[in-house]
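Structure first, commentary second.
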Amino acid sequence: MATNVTKTSHFTSGAGNPISFSEIRAAYGGSVNNVKASTYLRNTGSNVDWDDESTITTRVPDATENSSVTSNNDWTVNSLRDTISKYVVTQTDTNTELDYSASDSSTWNSNLSKNVPKDFNVNGTVKSDSTSDDALVFNGSLYNLDINVSGAIYGEGGAKDSDGGDALYVNNTYTQSNVKLNIASDGKIWAGGGGGTDGNNGNTGSNLSCYNLNTYNTNSGCGSNQTLTMNPVGANQRSRCRGGSYRRSQGWNEVNLTGYHCANVSSYLCQVKTNNNVSGGPRGNKGTGGVGKGFSNFNTSINASPHKGNSGNSGNTNTCAIKGTNSTGNSGNSGNSGGDWGQSSTNTSSGKAIQKKGVEVFGKTNNTVKGSVNNIQ
C-alpha cells in the first residue's frame with residue numbers, strides 16, 4: 001500500500017538523557033515565564049482546537065503514543081519520552097479504494113478518534129474500480145483531521161445503463177465539525193460519469209403483396225384458370241401447312257389459341273399466377289450505450305469508444321421477386337454516449353464527488369471538484 005506514516009515525535013533519545021523544561025516548552029508550547037508541570041498533562045478534552053489557545057488547558061495531545069502521560073496526576077518528565085504532537089499519513093503512487101474507520105489501527109494506530117492533530121495527504125492517486133465503492137472513505141468519530149488533496153481521487157465510470165461511481169466519502173459522527181478538506185489548485189476529486197443508455201430498435205418495414213409464377217407444359221391446353229398462356233411448343237409440322245406453323249384462315253397464333261394449328265401433338269407452355277404476402281424488411285437493431293468516464297478508461301477520449309454510443313444497425317430489405325417492389329426496415333437509433341467526469345448521461349446519473357458530514361471544504365472549483373457535493377444526514 002503506497003501510504004507512509006510520519007510523526008512529530010519528541011524526546012526520542014532514550015532513558016538516561018535528561019529532559020529540560022525549556023525543551024518541553026519548545027516541543028509543546030506554553031508560557032515562557034511560568035513553565036509548570038501541570039501544563040504538560042495529557043489533554044483528553046472533547047473540544048480542543050490546537051490553533052485556538054482558548055481551548056487548550058493542557059498541552060500534550062491525546063494519542064495512542066502519549067498514553068503514558070497522565071491526564072491528572074502522577075506526572076513525570078520521563079513519561080514524555082517518545083510522545084508525539086502530530087500524526088501524518090501520506091499517500092503516494094496509486095491506491096484502490098482506501099477505507100478507514102475511526103478504530104483503524106493498522107494505519108492510524110487508533111488515533112483518528114483522538115484529539116492529536118492528524119493529516120491525510122493525497123499526493124498520488126486514489127481510485128475506485130467499481131461504481132459500488134467510493135475511492136476514499138473515512139467513517140466514524142473523527143477528531144482534528146485535515147484531508148489535504150494535491151493529487152487525485154477518482155470515482156469509477158458507469159457501465160451502460162448504470163450510474164457513475166463516487167469519489168470521496170467522509171462521514172464524521174463526532175459531535176464537533178472538526179474535519180477539514182483542503183483541495184489544492186491542482187488537486188482533483190472527480191466522480192465517475194454516468195453510463196449511456198441503448199438506443200431504440202428500428203421499425204419493421206410494411207408487408208408486401210406479391211405473387212409467384214409457376215410454369216409447366218401440357219398437351220391439353222392451359223385451361224380457364226391460367227393467368228398467362230404462351231405458344232404451343234414441340235408441335236410436329238403437318239405437310240399441308242407448307243411452310244407455316246399455323247393455318248392463317250383459322251387464325252391460330254401465340255395469342256389466339258382457338259384456331260387450328262399444324263401439329264399432330266399439342267404441347268402448351270403455361271404459367272399460373274399465385275398471390276402471396278411477403279413480410280416487411282427486418283428492423284435494424286439498436287445501438288448500445290457508451291460507458292461513463294472513470295479511472296479505468298482514464299486515457300480515452302470522451303468523444304470516442306468506449307464512451308461514444310455505438311451506431312444502430314441498418315434495416316434489411318425484403319423483395320417481391322416478380323413485381324420488383326421492396327420493403328426495408330428502419331435503422332436502429334445510436335446508443336447514448338457516456339458522461340464525462342462528474343456528468344450524467346441520458347437516464348443515468350454521475351457519481352458524487354464528495355459526500356460529507358462534519359467536514360469543512362476549502363478549495364472547491366469547477367476543475368478541482370467534478371460531480372455533486374452532498375451532505376450526509
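When a residue number appears, it is its place in the shown sequence, counting from 1.
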Applying side chain to side chain donor-acceptor pair (under 3.5 Å), can you list everything that pairs with [X], at least two apart in sequence or on another chain?
X: Thr96; value: Lys127
X: Thr131; value: none
X: Ser141; value: none

For [X] and [Y], which I'm curious about, is there any donor-acceptor pair between the side chains at under 3.5 Å?
X: Asp163; Y: Thr348; result: no
X: Asn336; Y: Thr197; result: yes
X: Thr76; Y: Asn78; result: no
X: Asn171; Y: Asn139; result: yes
X: Ser150; Y: Asn123; result: yes
X: Asn367; Y: Thr365; result: no
X: Lys356; Y: Asn375; result: yes

Scanning both residues in full, the closest heavy-atom pair of Ser345 with Gly194 reads CB-O, 3.6 Å

Shortest non-hydrogen separation from Thr319 to Asn326 and the atoms involved
OG1-OD1, 2.8 Å

Any side-chain to backbone donor/acceptor pair from [X] onto [Y]? Under 3.5 Å, distance only.
X: Ser68; Y: Ser79; answer: yes
X: Asp52; Y: Ser54; answer: yes
X: Asn144; Y: Val48; answer: yes
X: Ser301; Y: Asn303; answer: yes
X: Asp166; Y: Lys352; answer: yes
X: Arg42; Y: Val69; answer: yes
X: Asp104; Y: Ser101; answer: no
X: Thr368; Y: Gly363; answer: yes
X: Glu65; Y: Ser67; answer: no
X: Ser327; Y: Gly280; answer: no

Neighbour count above 12 (heavy atom, 6.0 Å) for Lys308 NZ:
no

Rounded to the nearest 0.5 Å, what separates atom [atom1] in [X] from atom [atom2] in [Y]?
X: Asn66; Y: Lys114; atom1: CG; atom2: NZ; result: 10.0 Å
X: Ser128; Y: Ile153; atom1: OG; atom2: CD1; result: 12.0 Å
X: Asn200; Y: Asn330; atom1: CG; atom2: CG; result: 11.5 Å

Close side-chain approach of [X] and [Y], heavy atoms under 4.5 Å:
X: Trp108; Y: Thr64; value: no
X: Leu168; Y: Leu181; value: yes
X: Ile183; Y: Lys188; value: no
X: Thr70; Y: Leu41; value: yes
X: Val170; Y: Ile376; value: no
X: Glu156; Y: Ser296; value: yes
X: Glu97; Y: Ser130; value: yes
X: Thr274; Y: Tyr211; value: no

Trp75 and Tyr40: CA distance, side-chain angles, deciding distance, ring pair (Phe, Tyr, Trp, His ring centres under 6.0 Å) verdict
CA-CA 9 Å; Trp75 180 88; Tyr40 301 104; 7.1 Å; no

So if I apply the side chain to side chain donor-acceptor pair (under 3.5 Å) rule between Tyr28 and each of Thr58, Asn43, Thr83, which one comes out positive?
Thr83

When Thr328 is tested against each of Thr317, Asn316, Asn318 for side chain to side chain donor-acceptor pair (under 3.5 Å), which residue passes?
Thr317

Quick test of your reading: applying ring-ring contact (aromatic ring centres under 6.0 Å, His included), list the pairs with at least one residue in residues 147-176, sequence neighbours left out, ordered by first then second residue.
Tyr143-Tyr174, Tyr154-Trp190, Tyr154-Phe295, Tyr154-Phe298, Tyr154-Trp341

Sequence neighbours left out, what passes side-chain contact (heavy atoms from CB on, under 4.5 Å) with Ser314? Give chain and number order.
Ser331

Restricting to pairs with a member in residues 274-323, which pass disulfide bond (SG atoms under 2.5 Å apart), not counting sequence neighbours?
Cys210-Cys320

Do the side chains of Val60 and Ile24 join up, straight or via other hydrophobic residues, at under 4.5 Å, putting them in one cluster?
yes

Should Trp50 and Ile84 be regarded as members of a common hydrophobic cluster, given that ILVMFWY residues are connected when their side-chain heavy atoms come within less than 4.5 Å of each other, either directly or indirectly?
no

